[in-house]
Amino acid sequence: MQAIYRHRFTVGPEAIDTNGHVNNVVYVQWMQDVAVRHADAAGCTDLTQRIGATWVARSHKIEYLSPAFAGDEIEASTWVASFRKVRSLRRYRFVRTSDNVTLAQGETDWVFVDHATGRPRSIPEPVTAAFELWPDASLP
């Protein structure tokens, strides 16, 4: 598994707000979507479900740098920056492919929890082993 997961998509009209560009909350949805795609590709989703666990967001941080518009092709990149006992920091970057402009960047602090109780639990080694860490926020 590569440390940085990339996914390209085209901005649809449903993402556009009254200001004529992608609404800020859409980026949070994109963050979750690309995180799930990365976890699926790494085999983490299946493993997590098999052991009766799930991930919940503790906090999101996002910085909006430039607007995106309907029809723009976006490359969403995500990577796991760190694992701690029950938490994982994941970072994101959204770039418009036509001009290589970074539109937004952010991070989510995820908590590993027991699915039945909702209580945090230690992240087991097979889950951490599914990802190669990329602790630096810069992309290669």
So do the side chains of Tyr64 and Asn24 get within less than 4.5 Å of each other, counting heavy atoms only? yes

N/O donor-acceptor pair under 3.5 Å between Asn19 side chain and His21 backbone: no

Salt bridge between Glu73 and Arg96, side-chain N to carboxylate O under 4.0 Å? no

Mind telling me whether His38 and Phe131 have parallel, tilted or perpendicular rings, with 30° and 60° as the class edges? perpendicular

For Arg84, does the CZ atom have more than 12 heavy-atom neighbours from other residues, nucleotides or ligands under 6.0 Å away? yes

Indicate the atoms forming the closest heavy-atom contact of Trp134 with Ala3, along with that distance. CE3-CB, 3.9 Å

Answer whether the closest heavy-atom distance between the side chains of Ile123 and Lys85 falls below 4.5 Å. no

Measure across His60 and Met31 and return the closest heavy-atom pair with its distance rounded to 0.1 Å. ND1-CE, 4.1 Å

Do Arg91 and Thr78 meet the criterion of a side-chain donor-acceptor pair at a distance under 3.5 Å? no

Would you please test Arg87 and Asp109 for salt bridge (Lys or Arg N to Asp or Glu O under 4.0 Å) and show each step? CA-CA 7 Å; Arg87 293 168 40 194; Asp109 189 19; 2.7 Å; yes

Tell me the closest heavy-atom pair linking Ala130 and Cys44, and the distance in Å. CB-CB, 4.4 Å

NE2-CD distance between His115 and Gln49, expressed to the nearest 0.5 angstrom: 8.0 Å

Within the 4.5 Å heavy-atom criterion, are Arg121 and Ile51 side-chain neighbours or not? yes

Between Arg37 and Gln32 (side chain of the first, backbone of the second, donor and acceptor by atom type, cut-off under 3.5 Å), is there such a pair? no

Using atom types as modelled and distance alone, determine if a side-chain donor or acceptor of Thr108 lies under 3.5 Å from a backbone N or O of Trp110. no

Are any non-hydrogen side-chain atoms of Gln2 and Glu132 less than 4.5 angstrom apart? no

Closest heavy-atom pair and its distance - Tyr92, Ala35: OH-CB, 3.8 Å

Heavy-atom check, side chain of Asn100 versus side chain of Val95, under 4.5 Å: yes

Just checking Phe112 against Trp55, ring centres under 6.0 Å apart? yes

Looking at CG of Leu133 and OG1 of Thr128, how far apart are the two atoms once the value is rounded to the nearest 0.5 Å? 8.0 Å

Report yes if some heavy atom in the side chain of Asp40 is under 4.5 Å from a heavy atom in the side chain of Asp46; otherwise report no. no

Evaluate Trp30 against Phe9 for ring pair (Phe, Tyr, Trp, His ring centres under 6.0 Å), listing each step before the verdict. CA-CA 10 Å; Trp30 289 348; Phe9 61 94; 4.7 Å; yes

Donor-acceptor contact below 3.5 Å, side chain Asp72 vs main chain Ile74: no

Charged tip of Arg90 within 45° of Tyr5 ring normal and under 6.0 Å: no

In the structure I gave you, are the side-chain heavy atoms of Asp17 and Val22 within less than 4.5 Å of one another anywhere? no

Under a 4.5 Å cut-off applied to non-hydrogen side-chain atoms, are Val26 and Asn23 in contact? yes

Tightest non-hydrogen contact, residues Ala68 and Ile16, listed as O-CD1, 4.5 Å

Hey, any chance Val101 and Ile62 share a hydrophobic cluster, counting ILVMFWY side chains that come within less than 4.5 Å of each other, even indirectly? yes

Taking Thr97 for the side chain and Glu75 for the main chain, is one N or O donor matched with an acceptor at less than 3.5 Å? no

Please tell me whether Val113 and Leu47 are part of a single hydrophobic cluster in this structure, the criterion being side-chain heavy atoms less than 4.5 Å apart. no

If you take all heavy atoms of Ser88 and Val80, which pair is closest and at what distance? OG-CG1, 3.4 Å

Distance from Gln105 atom CD to Glu107 atom CD, nearest 0.5 Å? 9.5 Å

Option passing side-chain contact (heavy atoms from CB on, under 4.5 Å) with Arg93 (candidates Leu103, Thr102, Ile4): Thr102

